[in-house]
Peer 1: 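The structure follows.
So you know, we letter chains A, B, ... as the sequences are listed, proteins then strands, and number each from 1.
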2 protein chains.
Amino acid sequence: MDQILQPNPYSANCPTRLVLDRVADKWTVLVLGLLGNGPVRFNRLRREGEGLSQKVLAQTLRKLERDGLISRTAFPTVPVTVEYALTPLGHTLAAAVEPLRLWAEDHIEEVLRAQQAYDTQE
Amino acid sequence: MDQILQPNPYSANCPTRLVLDRVADKWTVLVLGLLGNGPVRFNRLRREGEGLSQKVLAQTLRKLERDGLISRTAFPTVPVTVEYALTPLGHTLAAAVEPLRLWAEDHIEEVLRAQQAYDTQE
DNA sequence: CAGTATCCTTTATGATACTG
DNA sequence: CAGTATCATAAAGGATACTG
């Protein structure tokens, strides 16, 4: 039975949830930000995304590629050079994520103060 | 040495990263959405957030409370009633997250098609 | 109702080594 | 350079039981 009277974006089988689950994680947000200003090579992403290991970076890039958010271009140099870039779709997502990044910058102080207040009295 | 000439939002010790790491996860986005239209009680959140277990919901709520994003109000009924609501700060975050939710709704089809294309040829 | 505590399983990540 | 493969470990999550 289990009929759905109105599409609930919070139900587990809602497609919106499927996308959010994939897209709302810190490494996705990070990589999208790193690619925001043009194509970047693998090892440069690795260096600039501190704390992001080679393995996790590779996994993240595969997923983003599968989702059609980034493109992968290999140049036949020796050794090979690989560039990652946002697709048009990826650009729209990067734009949607930007407010979140700005929020973090604007409100970091307030969050840290709230944490301290919570920790001291609790 | 490793001197930082300009603050890099992608370095691990950048405070923006600290906030994004906490805030850019699917349960946070989900709960903020559920609280967007006013206070909600614990078990209602549990029911409406399909796939979100009691344990994980409790953990998520504690973190959000610690970050100053939501408030917890206990009413001395029997049994006790607890309402969670966005703080003013939480409302600003919910607003910043909204574009991401809209993006997911608007582009789900395109993402699913990209995944199929990737899976068939690969 | 609104949780916490515990145990146990699954998943994710880290380190290391290796390849076209 | 740009990865993959493997193994070990840590972190996250589910199930269950219990409490003010």
Peer 1: Does some side-chain heavy atom of Val31(B) sit less than 4.5 Å from a side-chain heavy atom of Leu64(B)?
Peer 2: yes
Peer 1: Distance check needed: dA12(C) P versus Asp21(B) CG, whole Å only.
Peer 2: 17 Å
Peer 1: To the side chain of Ala58(A), which of dG13(D), dT4(D), dA2(D) is closest?
Peer 2: dT4(D)
Peer 1: Which parts of residues 36-43 of chain B get close to DNA chain C, meaning a heavy atom less than 4.0 angstrom away?
Peer 2: Arg41(B), Phe42(B), Asn43(B)
Peer 1: Quick check: does any side chain N or O of Thr81(A) sit under 3.5 Å from a backbone N or O of Thr77(A), one acting as donor and the other as acceptor?
Peer 2: no
Peer 1: Between dA15(D) atom C1' and Leu57(B) atom CG, what is the distance in whole Å?
Peer 2: 16 Å
Peer 1: Just call it for Val56(B): base, sugar-phosphate, or nothing, with non-hydrogen atoms closer than 4.0 Å on any strand.
Peer 2: sugar-phosphate
Peer 1: Considering only distance and modelled atom types, tabulate donor-acceptor pairs under 3.5 Å from the side chains of residues 35-46 of chain A, sequence neighbours left out.
Peer 2:
residue  : atom : partner  : partner atom : Å
Arg44(A) : NE   : Glu48(A) : OE2          : 2.8
Arg44(A) : NH2  : Glu48(A) : OE2          : 2.9

Peer 1: Tell me which nucleotide, if any, is Watson-Crick or G-U wobble paired with dG20(C) when both distances must be under 3.5 Å.
Peer 2: dC1(D)
Peer 1: Is Thr120(B) reaching over with its side chain to a backbone N or O of Gln116(B), donor-acceptor style, under 3.5 angstrom?
Peer 2: yes
Peer 1: Quick one: label Phe75(B) by what it contacts on the DNA or RNA (base, sugar-phosphate, nothing), any heavy atom closer than 4.0 Å.
Peer 2: nothing
Peer 1: When you check the phosphate oxygens OP1 and OP2 of dG14(D), does a side-chain N or O of Ser53(B) lie under 4.0 Å from one of them?
Peer 2: yes
Peer 1: Nearest 0.5 Å, what's the OG1-CG distance between Thr28(A) and Leu32(A)?
Peer 2: 6.5 Å
Peer 1: Rounded to whole angstroms, how far apart are CD on Gln54(A) and P on dT4(D)?
Peer 2: 9 Å
Peer 1: Using OP1 and OP2 only, check whether a side-chain N or O of Tyr84(B) sits under 4.0 Å from dG3(C).
Peer 2: yes
Peer 1: For Arg72(A) and dA2(D), give me the distance from atom CZ to atom P, rounded to whole Å.
Peer 2: 10 Å
Peer 1: Between dC1(D), dG3(D), dT6(C), which nucleotide gets closest to the side-chain atoms of Lys55(B)?
Peer 2: dT6(C)
Peer 1: Does Asp25(B) form a side chain to side chain contact (heavy atoms under 4.5 Å, CB included) with Lys26(A)? I'd like the steps, not just the answer.
Peer 2: CA-CA 7 Å; Asp25(B) 77 82; Lys26(A) 61 177 180 174; over 6 Å; no
Peer 1: Check the distance between dG13(D)'s P and Leu30(B)'s CG and give it to me in whole angstrom.
Peer 2: 13 Å
Peer 1: Just call it for Val80(B): base, sugar-phosphate, or nothing, with non-hydrogen atoms closer than 4.0 Å on any strand.
Peer 2: base
Peer 1: Could you give the NZ-to-C1' distance, from Lys63(B) to dA11(D), as a whole number of Å?
Peer 2: 11 Å
Peer 1: Could you give the CG-to-P distance, from Leu52(B) to dA12(D), as a whole number of Å?
Peer 2: 15 Å
Peer 1: Is Arg62(B) near enough to dG3(C) that one of its side-chain N or O atoms lies under 4.0 angstrom from OP1 or OP2?
Peer 2: yes
Peer 1: Quick check for you: to the nearest 0.5 Å, what is the distance between Arg66(A) atom CZ and Gln115(B) atom CD?
Peer 2: 4.0 Å
Peer 1: Over all strands shown, is Arg44(B) touching base, sugar-phosphate only, or nothing at heavy-atom distances under 4.0 angstrom?
Peer 2: nothing
Peer 1: Hey, does the side chain of Thr87(A) reach the backbone of Leu69(A) with a donor-acceptor pair shorter than 3.5 angstrom?
Peer 2: yes
Peer 1: Whole-Å distance between dG13(D) P and Trp27(B) CH2?
Peer 2: 8 Å
